[in-house]
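Structure first, then comments.
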Amino acid sequence: MEDEVNVSIKEWPDNPPASLRLLKLWAEAASDFWDKPIEDLKSKKRTLDLVWPRSVCMSLAKNGGYTSVVIGKFWNRHHSTVLHALNLVTSLRGHNPTYELQYRQFLVFSKKHIQRRDRH
């Protein structure tokens, strides 16, 4: 019996799959905040009005402990695109106060959005 359990345990990966819950909630919050459908945010379109919100969500996810691979899969992107998005957010926030302000406003908005969702 013990051998069966050990064999069964060895079939599972060392790291359990991460929950995508926060990624979904950030995407919903971005959709509401920037008034863009989630389908557009997750699409292959690379227009500025979609790249910025998508990149902000990727940045929050990376800061939240998600790997670039997991984030990329969620957003239908390669992990290297996630790394580029992180650099973009850092650069825009550092060089343009308007992006910094919008980033901070989205942080507050997304926290409230998630808290509302948790109450239901």
Side-chain angles (χ1 to χ4, degrees):
M1 178 75 164
E2 188 174 318
D3 288 339
E4 289 176 24
V5 171
N6 287 336
V7 169
S8 178
I9 289 174
K10 289 179 184 177
E11 294 174 3
W12 289 89
D14 290 337
N15 297 319
S19 168
L20 300 180
R21 181 178 172 278
L22 274 176
L23 295 175
K24 291 174 186 174
L25 290 172
W26 280 319
E28 289 173 5
S31 175
D32 289 348
F33 186 79
W34 279 286
D35 195 27
K36 303 290 177 192
I38 291 176
E39 298 78 31
D40 285 356
L41 292 173
K42 292 181 85 170
S43 73
K44 295 293 181 188
K45 297 176 188 172
R46 296 188 297 177
T47 57
L48 181 60
D49 64 321
L50 298 174
V51 170
W52 171 246
R54 182 189 305 140
S55 297
V56 168
C57 289
M58 290 180 182
S59 176
L60 291 178
K62 188 66 176 162
N63 291 338
Y66 288 93
T67 67
S68 312
V69 173
V70 169
I71 298 166
K73 283 182 183 178
F74 178 81
W75 288 100
N76 302 318
R77 299 291 190 284
H78 191 266
H79 71 90
S80 63
T81 303
V82 175
L83 300 177
H84 177 73
L86 301 177
N87 290 332
L88 176 72
V89 170
T90 300
S91 178
L92 288 173
R93 287 180 62 203
H95 292 93
N96 189 324
T98 305
Y99 282 96
E100 174 64 21
L101 176 61
Q102 192 175 77
Y103 180 88
R104 290 181 178 276
Q105 289 172 334
F106 179 68
L107 282 179
V108 171
F109 181 87
S110 65
K111 285 180 185 177
K112 289 179 181 177
H113 175 85
I114 291 169
Q115 287 172 350
R116 277 194 309 270
R117 293 287 304 226
D118 283 344
R119 284 189 213 134
H120 295 101

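Bear in mind the structure is a predicted one, so any value in this text is a computation, not a measurement.
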Run Tyr103 and Val56 through side chain to side chain contact (heavy atoms under 4.5 Å, CB included) and show every step you take. CA-CA 7 Å; Tyr103 180 88; Val56 168; 3.9 Å; yes
Sorted by chain and number, sequence neighbours left out, salt bridge (charged side-chain N to carboxylate O under 4.0 Å, His left out) with Lys42 holds for none
Can you list the residues that meet the side-chain contact (heavy atoms from CB on, under 4.5 Å) rule with Thr90, with sequence neighbours excluded? none
Under the side chain to side chain donor-acceptor pair (under 3.5 Å) rule, collect the residues that match up with Arg77, sequence neighbours excluded. none
Which heavy atom of Lys45 sits nearest a heavy atom of Asp40, and at what distance? NZ-OD1, 3.6 Å
Side chain to side chain donor-acceptor pair (under 3.5 Å) partners for His78, two or more places apart: Ser80
Under 3.5 Å, which donor-acceptor pairs link side chains of residues 58-69 to any protein atom two or more places apart or in another chain?
residue: Asn63; atom: ND2; partner: Ser59; partner atom: O; Å: 3.4
residue: Tyr66; atom: OH; partner: Ser19; partner atom: O; Å: 2.9
residue: Thr67; atom: OG1; partner: Val70; partner atom: N; Å: 3.1

Mind checking side-chain contact (heavy atoms from CB on, under 4.5 Å) for Ser55 and listing every partner two or more places apart, or none if nothing turns up? Val51, Ala85, Leu88, Val89
Scan for salt bridge (Lys or Arg N to Asp or Glu O under 4.0 Å) pairs involving residues 24-35, sequence neighbours excluded, and state none if there are none. Glu28-Arg117
Going by heavy atoms in the side chains, are Thr81 and Trp75 under 4.5 Å from each other? no
Which atoms form the tightest heavy-atom contact between Leu41 and Ala27, and what is the distance? CD1-O, 4.1 Å
If you look at every heavy atom in Ile114 and Trp26, which pair is closest and at what distance? CD1-NE1, 3.9 Å
Is it the case that one hydrophobic cluster holds both Leu48 and Leu101, taking links as side-chain heavy atoms less than 4.5 Å apart, direct or via other members? no
Can you name the side chain to side chain donor-acceptor pair (under 3.5 Å) partners of Lys36, sequence neighbours left out? Asp49
Tell me which pairs pass salt bridge (Lys or Arg N to Asp or Glu O under 4.0 Å) where either residue lies in residues 88-115, with sequence neighbours left out. Arg93-Glu100, Glu100-Arg104
When rounded to the nearest 0.5 Å, the distance separating SG of Cys57 from CG of Leu25 is 10.5 Å
Show every ring-ring contact (aromatic ring centres under 6.0 Å, His included) that has at least one partner inside residues 79-98, sequence neighbours left out. none
Set of residues satisfying ring-ring contact (aromatic ring centres under 6.0 Å, His included) with respect to Phe106, sequence neighbours excluded: Phe33, Trp34
What are the two closest heavy atoms between Ser31 and Ile38, and how far apart are they? CB-CG1, 3.6 Å
Check side chain to side chain donor-acceptor pair (under 3.5 Å) between Arg46 and all other residues, then give those that pass, not counting sequence neighbours. none
